[in-house]
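Naming: A, B, ... by sequence-line order, numbering from 1 per chain.
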There are 2 protein chains.
Amino acid sequence: MARRSDHTREELYDLAMEAARATVEADGYRALTARNVAEAIGYSPGTLYNLFENLDDMIVHLNGRTLEALHERLSAAARTGDPAADLMALLDGYLGYLGDHPNLWSLLFDYSLPEGRDLPDWYVRKVGLVMGLVEAALAPLFGPGESEDRGNAARIVWAGLHGICSLNDTGKLRVVATQPVRAMAETLVTHFVTGLGAVRGGRRS
Amino acid sequence: MARRSDHTREELYDLAMEAARATVEADGYRALTARNVAEAIGYSPGTLYNLFENLDDMIVHLNGRTLEALHERLSAAARTGDPAADLMALLDGYLGYLGDHPNLWSLLFDYSLPEGRDLPDWYVRKVGLVMGLVEAALAPLFGPGESEDRGNAARIVWAGLHGICSLNDTGKLRVVATQPVRAMAETLVTHFVTGLGAVRGGRRS
DNA sequence: TATATATTTTGAACATCGTTTAATTTTATC
DNA sequence: GATAAAATTAAACGATGTTCAAAATATATA
């Protein structure tokens, strides 16, 4: 009871990833089990352990794909050269993706590896690509030799934006009626850019 | 094979919460199982289902206690009336708690209820208490009739701060070497307050 | 005090989970 | 066609959340 060359290893990997994606998207991350994915692709659970180290590893790979999709969506935003405006465009893309794929977004950000285990390098590199888009939007505020400051600012904006969406998503921000997420994110971005401009304008002039 | 009045229901609740806390703190949230907690308090797993609706419910209760502990720690910070300084003091408390109880902090913020289920009101109220501390720190920047704006600003700062710590904790911010988390948080707070002051100073003068 | 009732607590069971492994089937090699 | 290598599987293991009838205790009633 075994097969071969129905699919290559790469095809199998794609099948598994696609099935995992569909499962999470349809039924949430709690439905992402080895048996569910295996059944969806017509293989036994054991086969998945030929492709991934374990389920955690599979989730990291799936999150890697989600990260790519998010990057692609954010890349579609046009660049005007105005930091605030370009960040708003990124915000649009981010919230758009979150709205279209809430369960994948949840898995991407809420999931964390067991204690001790670190994210693999190829994953961190994908994160870096997304961060690069934020850096590019902030670029006009920085001089050519200030790439480190620029990178840190990008990380802060990215993380702040994520915090708003994350807490909102899990209901941990819903203290009495408040602004919608988009407005909060806009306020964060504009105020941060204003503050950044004030400090940096002073330093550079 | 049963007992009674070894402990009252309240004592049992305390025992369970304490055992759950110790388990998470020592071995991470993945070790928080019904059987582990039951064994730690000398009762059978079934008894836990007299105290909590299910494990998710137990986690929400534990997170409620964590929230109280965090609130207590943040309350200890002295208030000077200078928003930036007071926010830094809160930041100190926040990072201090995170450093002392990383696993409890993880469970508090990374855990999310299954799709559809909402956090109970008593929990949201506890969140509101913590948010109140941030609001108090920001208060000097707002007029007496602007409590809504003040609340929104507090939520934004709180969420932004959380985003930085959260992404940092899960390794999703570690793109090449960068600032430590404290510096990022400080930058976020100062720039945001600066931006907020610029906008609001204009409106009020 | 003896009996009846109500309440806790439990052990055992159920379905499911991640993961491992020996056995089986297929493919590739000679 | 026989042999070696590789892929796939079924079955099993231990552990999980959760349920529930039975058992044990406490309380109320007589």
Should the pair F192(A) and H191(B) be assigned to parallel (<30°), tilted (30 to 60°) or perpendicular (>60°) ring geometry?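 F192(A) vs H191(B) ring planes: tilted.
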
Test R21(B) against E25(B) for salt bridge (charged side-chain N to carboxylate O under 4.0 Å, His left out), laying out the working first. CA-CA 6 Å; R21(B) 187 202 58 74; E25(B) 199 136 19; 2.4 Å; yes

What is the distance, to the nearest angstrom, from the [atom1] atom on [X] to the [atom2] atom on [N]?
{"X": "Y49(A)", "N": "dA11(D)", "atom1": "OH", "atom2": "P", "result": "18 Å"}
{"X": "D56(B)", "N": "dG17(D)", "atom1": "CG", "atom2": "P", "result": "10 Å"}
{"X": "L12(A)", "N": "dA6(D)", "atom1": "CG", "atom2": "P", "result": "17 Å"}
{"X": "L51(A)", "N": "dA6(D)", "atom1": "CG", "atom2": "C1'", "result": "14 Å"}
{"X": "Y43(B)", "N": "dT7(C)", "atom1": "OH", "atom2": "C1'", "result": "13 Å"}
{"X": "R35(A)", "N": "dT16(D)", "atom1": "CZ", "atom2": "C1'", "result": "12 Å"}
{"X": "N50(A)", "N": "dT25(C)", "atom1": "CG", "atom2": "P", "result": "18 Å"}
{"X": "L55(A)", "N": "dT16(D)", "atom1": "CG", "atom2": "C1'", "result": "14 Å"}

If you only use heavy atoms from C-beta on, which nucleotide in dT18(D), dG17(D), dT19(C) is closest to the side chain of T33(B)?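 Selected nucleotide (nearest to the side chain): dG17(D).
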
Taking the side chain from R9(B) and the backbone from N50(B), do they hold a donor-acceptor pair closer than 3.5 Å? yes

Counting any heavy atom closer than 4.0 Å, what does [X] reach on the DNA or RNA strands: base, sugar-phosphate only, or nothing?
{"X": "L48(B)", "answer": "nothing"}
{"X": "T47(B)", "answer": "base"}
{"X": "S44(B)", "answer": "base"}

Return the CG to CZ distance between N63(A) and F109(A), rounded to the nearest 0.5 Å.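 It is 9.0 Å, given to the nearest 0.5 Å.
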
Rounded at 0.5 Å granularity, tell me how far CG in L167(A) sits from CE in M184(A).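 Between atom CG of L167(A) and atom CE of M184(A) there are 8.5 Å.
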
Go nucleotide by nucleotide along DNA chain C from the 5' end; which of R30(A) and G46(A) gets its closest nucleotide reached first?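 Taking each residue's closest nucleotide, the earlier one in sequence belongs to R30(A).
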
Upstream residue (5' side of DNA chain C) when E53(A) and A31(A) are each assigned their closest nucleotide: A31(A)

